[in-house]
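Each remark here refers to the structure printed beneath this line.
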There are 2 protein chains.
Amino acid sequence: MNQAPLRAAPLLDIRALRTSCSSCSMHQLCLPMGLDEPEMQRLDGIIGRRRVSREASLYRIGDKFVSLYAVRVGQFKTSQTNPDGARQITGFQMTGELLGMDAISTDTHQCDAVALEDSEVCEIPFARLEELFGEIPTLLRHFHRIMSKEITREQSVILLLGNMRAEQRFAAFLVNLSSRYAARGYSSTSFQLRMTREDIGNYLGLTIESISRLLSKLKKEGLLKVSNRQIELTDLPMLKALATGAEAC
Amino acid sequence: MNQAPLRAAPLLDIRALRTSCSSCSMHQLCLPMGLDEPEMQRLDGIIGRRRVSREASLYRIGDKFVSLYAVRVGQFKTSQTNPDGARQITGFQMTGELLGMDAISTDTHQCDAVALEDSEVCEIPFARLEELFGEIPTLLRHFHRIMSKEITREQSVILLLGNMRAEQRFAAFLVNLSSRYAARGYSSTSFQLRMTREDIGNYLGLTIESISRLLSKLKKEGLLKVSNRQIELTDLPMLKALATGAEAC
DNA sequence: CGCCCCTTTGAACCTGATCAAACTGGGTGG
DNA sequence: CCACCCAGTTTGATCAGGTTCAAAGGGGCG
């Protein structure tokens, strides 16, 4: 019945036509936050765009540091590697979030960044960004806030890994995703996981089997519905309670 | 026999007389790294000094953010607290290291900082530091490196907590202390722990009993000697091997 | 000297890991 | 169109590292 619309002419890729910061839906979450129009245009002037397909690396440990990256479309994971080869995912990055700040201190990337899905990033050459710092104080301020926020974020991961039991970690993970989706205008209770169970387990310091069991358990308890990577949080308040350490249900 | 010297006249506190950055032994590790003499004096101009006695807080979660602090004498621990009250130590800070960077993003301190021993800090009002950034590019650059280094440090804590077994964590902890003492001109193999076993356990995501058992085990294996808080690493290479994941001895 | 806190050591327990096998769903090629 | 395949996932059974609970052992400070 619905055959004709399926064969419609290909749409123009509107994103490809307008890629400036001011037209980007993330500009109030991203680096240009708080800039006025002329300032934003100056920032735009130094920014390049780059596509990264699923599973591809944006950068790898040891790469020379040239640019920071802001996620424009898609999602990434960053991971560190032990001398003995063990990998640890240190974070998942959504649209508007900045990647590569750990590279500033050594001029060398200290982690791997891999796209979880076909993605697009804004490439921000750091040397040119530094030049702008002198001219746009608001930009410098906000940059400091972003770095500081990254430090805080990592601290809460440390808290999670050092202090929480499996269920609490997983609940905290879901609640965190939920609020980040909400901040981007998406549903806080229904979303698709972009990472595999293995990624989740690695990030949370748990095995893939544990993640699977936790999903089953929470599903049985009616806190969520799950089908493949599609998640629906049917009892977000209870999940928040779990995440903050409330034991009994 | 040795009675007379015990009653000697009190020495002048030389530190109290000369507290400028340029006279500080840490200035090549600390914020003023790389500054020339006049620049260092300008930085000095905004810095105050403050004593913090053992167990006292330098700042607490929720305190308004005004200043960054550089450890001048002594040692600190920083910890986060869960909604449910669980505490997690996120780091130990030695001389020359900067405290408070996580507060920039919210203008509110996000962790507690407590002195492990009687200590002294340099208080760096952030608003005035920001003014200097515009005038001393070297200072800004180095500040970015310091923040970035903190991000990297935390990433390695995440790696430690997410991926390592107890023994490996503890070895990594000792090796880390060792190299930081070495960087400050102290022995890399013989030093005093400033923190309690409980602090160590908390930091490493282990219990105090586990720490105690690990100390006993490594002692029995001849990798270290321990008497109270005095530690001697008698086989640093082997400890490094343990820390990087070499299993068998 | 005695008290108290920190630490060490022992024994039982439990959470989450490991090992193993079955299942699912989406894509591929016959 | 369907059988197959394969990666990712779920579920079960067993195992082990580290926790918990308990008690004894030091060391420093008043």
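The basis for the numbers below is simple: all heavy atoms, side chains too, and nothing from hydrogens, waters or symmetry mates. To find a chain, count down the sequence lines: A is the first, B the second, and so on, and within it residues start at 1.
Taking atom CG of residue A:D199 and atom P of nucleotide D:dG8, one finds them 10 Å apart after rounding to whole Å. To the nearest angstrom, C1' of D:dC29 lies 14 Å from CZ of B:R229. The nearest whole Å value for the distance from the CG atom in A:L214 to the P atom in D:dT10 is 11 Å. Atom NZ of B:K219 and atom C1' of D:dG26 are 12 Å apart (whole Å). Atoms CD1 (A:I200) and P (D:dG8) sit 13 Å apart, rounded to a whole Å. Distance CG (B:L215) to C1' (D:dG25): 16 Å, rounded to an integer number of Å. For A:L204 and C:dG16, the CG to C1' distance is 13 Å, given to the nearest whole Å. Between the C1' atom of C:dT24 and the CG atom of A:N228 lies a distance of 8 Å, rounded to the nearest Å.
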Whether each nucleotide of nucleotides 14-21 of chain D has a protein heavy atom under 4.0 Å at its base (B), only at its sugar-phosphate (S) or at neither (-) is summarised, 5' to 3', as ---SSBBB
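In this model, no donor atom of one side chain and acceptor atom of the other lie less than 3.5 Å apart for A:Q80 and A:Q88. When only modelled atom types and interatomic distance are considered, B:Y69 and B:R50 share a side-chain donor-acceptor pair under 3.5 Å.
A parallel orientation is assigned to the rings of A:Y59 and A:H109, their planes being inclined by less than 30° (bins at 30° and 60°).
No side-chain heavy atom of A:F76 sits under 4.5 Å from any side-chain heavy atom of A:M94.
We find that A:R213 and A:E209 are not joined by a salt bridge, their nearest charged nitrogen and carboxylate oxygen being 4.0 Å or further apart.
When all heavy atoms of A:S178 and A:S188 are compared, the pair lying nearest together is OG-O, 2.6 Å.
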